[in-house]
Amino acid sequence: MNDTNMYTEQVSTQAELPPPAPTPAQPAQILPPKRSAKQFFCASNRDLVFAGILFVLCFLLTDSMFWGGVGIGMALGFVGLYAVSRLYRRSEEKRTRYAVLCGVLLIAGAVSLVFSCDGIVRFFMVLMLIVLGTVVLEERMQLRTGNSLLCAVSDFFNTLVGCSVGRLDVGLRALLYETDQTGVSRKRKTGSVLIGLLIAVPILLVVIPLLASSDAAFEGLVDRLDPVTIGQTIISLLFALFLCLCLFSQLFWAAYADKRRAPVSSFAGIDPAIVGTILTALSAVYLAYLVSQFAYFFDAFRGLLPEDFTVAEYARRGFFEMCKVVALNLCLVVLTARLTAKKEGRLPGWIMALTLFLVLFSLVIVCTAFSKMVLYIQSYGMTRLRILTSVFMLFLTVVLLCVAIEQFLKKLPTLRIAVLTAALCLALLGFVNVDRVVAAYNVQAYRSGALSQLDMDTLTELNDAAVPYLIRLMDDEDLKIRYAAKKDLRRRLDNLYIIHNDETRTLLDYDFRAFTLPTWQARQLLLAVEDQLMEQGVPKR
């Protein structure tokens, strides 16, 4: 009874207590909406500043490419785009050694455009700069879905095209819309201004000629404007705008892209017996071919020619043999590694031995073709094509060695090494200037007696890097060489002038967008020997 009375008193006491005072309501905290890849989101002020800088760099790049040529303008454009894009996403990027190496080679390759005026090297260098820029973005923003060759190729094109042209709608929405503090999106005034400018352009094209025809003073002002320059500027602006939108969309989307890994395939692989049979048959044919042609292949290492073969035919035939055989063998080795069924993650030992034989056979072909090219150069001198071919064979040697090592060391990044090696080779070709090497070697070999005759057709086909060496030949003892050198120098000198009908000459202004060291040095040297080349009796064009 006592326990019951005590419990009743406690309940009644709690019932008599006043209720607790209500706590004041806390103000709701307004948080910015969380961005995601599936959400409509807008650009911040920082994004707008980046887009403006990006447009200026894109204009520099397109204007130099269309009207100035490949030179310092494009070099500054590529370096600027790389630097600004890295600063823009610095806090969201993952730094890897591969990305750093690609970035360093990108800057070196862009700078090499100033040291070279070789069209082939610069063309492939520009393509390599695009590849390196895409790889850096893919690495730093973690856009890779796998490590296989197929995934690498797919990820590259997805980053290059899918995240740029394929995401133009994202970039346009981000630039034309803004988000207030409540998360509501609304149009910016920027879009209205751009639409107004686009509508005003055709109206101005109609109004300006009418005003010019009605007033002589305004007509004189309009006549001072160069219509060609205005047209070039408008075209550059349009292409720069498109390129800017692509790059901005690419970088803006990359931060919020879906980074899920590619699904694991259920394909178990091809039966090793089938693959081994194919490789065994092919290896047997290669072995028989190697034995039957043993003297033919290895005569090149001793500098001997087979009967009924010229040096030129011997070298060319070796090169085409190399390209076909090496391409086939590399494809077979890659397909074998990717498609053959594995046991505990490794290929059977005899399959690995067969693929290694294919790689070693390819190395023999490459080394033999390279030795033939050396024999060719010693006999007839250097040309641009012979140097480029030799560098390509060195690149193939590195790739084949990596493929051979990868048979035992599976973690070796062969594809990455191939990309870095190709970029390094192109950058070195740009810095050393292939045409300068060709001219220097041929003239030196001729002067020293290593070459019995000098191929002037090869020298006169070279770019401006050959001018210093052609000037050395102006006083050569051979009349034909002296005549050919002066004729080509006169042709190059005339290209620096506008020659009027009355034979008067006006020196052309130098376009610094296309500045390269060889062209600038050639211009100064040609103007220095102008008096000698303008003398009577010096051959013209």
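Thr458 contributes atom OG1, which lies 6.0 Å from atom CD of Glu461 (distance to the nearest 0.5 angstrom). Put simply, CG on Leu332 and CD1 on Ile278 are 8.5 Å apart, with the number rounded to the nearest 0.5 Å. In this structure, the separation between CZ on Phe361 and CG on Leu356 is 14.0 Å, given to the nearest 0.5 Å. With rounding to the nearest 0.5 Å, the separation of OG in Ser362 from CG in Leu396 is 9.0 Å. Leu54 CG to Leu251 CG: the interatomic distance, rounded to the nearest 0.5 Å, is 7.0 Å. To the nearest 0.5 Å, the span separating CD on Gln250 from CG on Leu168 amounts to 10.5 Å.
Side-chain atoms of Tyr286 and Asn329 form a donor-acceptor pair, as typed in the model, at a separation below 3.5 Å.
Thr516 has its side chain out of reach of Trp520: every pair of non-hydrogen atoms, C-beta onward, lies at least 4.5 Å apart. Two residues are said to be in side-chain contact when any heavy atoms from C-beta on lie closer than 4.5 Å; Ser249 and Val170 fail this criterion. Looking at Leu454 and Leu473, their side chains come closer than 4.5 Å, going by heavy atoms from C-beta outward. A 4.5 Å side-chain heavy-atom check between Cys58 and Leu247 finds at least one atom pair inside the cut-off. The closest side-chain heavy-atom distance from Val136 to Tyr82 is below 4.5 Å. Side-chain atoms of Arg144 and Cys151, non-hydrogen and from C-beta on, never get closer than 4.5 Å to each other. Using a 4.5 Å cut-off on side-chain heavy atoms (C-beta onward), Pro518 and Asn433 make contact. Residues Arg140 and Val100 form a side-chain contact, since some pair of their non-hydrogen atoms from C-beta on lies under 4.5 Å apart.
Scanning for side-chain contact (heavy atoms from CB on, under 4.5 Å) contacts around Leu420 gives Tyr98, Leu101, Cys102, Leu105, with sequence neighbours left out. For the side-chain contact (heavy atoms from CB on, under 4.5 Å) test, residues two or more places apart in sequence or in another chain that qualify with Thr280 are Trp350, Leu354. Take Asp455 and apply the salt bridge (charged side-chain N to carboxylate O under 4.0 Å, His left out) test, not counting sequence neighbours, and it matches no residue. With sequence neighbours excluded, no residue forms a ring-ring contact (aromatic ring centres under 6.0 Å, His included) with Phe78. Taking the ring-ring contact (aromatic ring centres under 6.0 Å, His included) definition, one finds that Phe50 meets it with Tyr88, sequence neighbours left out. Contacts of Phe59 classified as ring-ring contact (aromatic ring centres under 6.0 Å, His included), with partners at least two apart in sequence or in another chain: none.
Around CZ of Phe55, the count of heavy atoms belonging to other residues, nucleotides or ligands within 6.0 Å exceeds 12. Residue-environment remark: CZ (Phe157) stays at or below the threshold of 12 foreign heavy atoms within 6.0 Å.
Looking at Arg492 and Asp488, a side-chain N of the basic residue comes within less than 4.0 Å of a carboxylate O on the acidic one, giving a salt bridge. Using a 4.0 Å cut-off between charged nitrogen and carboxylate oxygen, Arg416 and Glu139 count as a salt-bridge pair.
For the pair Phe248 and Ala174, the tightest heavy-atom approach, listed with the atom from each and the gap, is CE2-CB, 4.2 Å. Between Ser390 and Met373 the shortest heavy-atom distance is OG-CG, 3.3 Å. For the pair Gln453 and Tyr446, the tightest heavy-atom approach, listed with the atom from each and the gap, is C-CD1, 4.2 Å. The two atoms that bring Ala514 and Thr519 nearest to each other are O-OG1, 4.3 Å, heavy atoms only. Of all heavy-atom pairs spanning Val121 and Gly430, the tightest one is CG1-N, 4.0 Å. Contact record, Val359 with Ala404: CG1-CB, 3.7 Å, taken as the closest heavy-atom pair.
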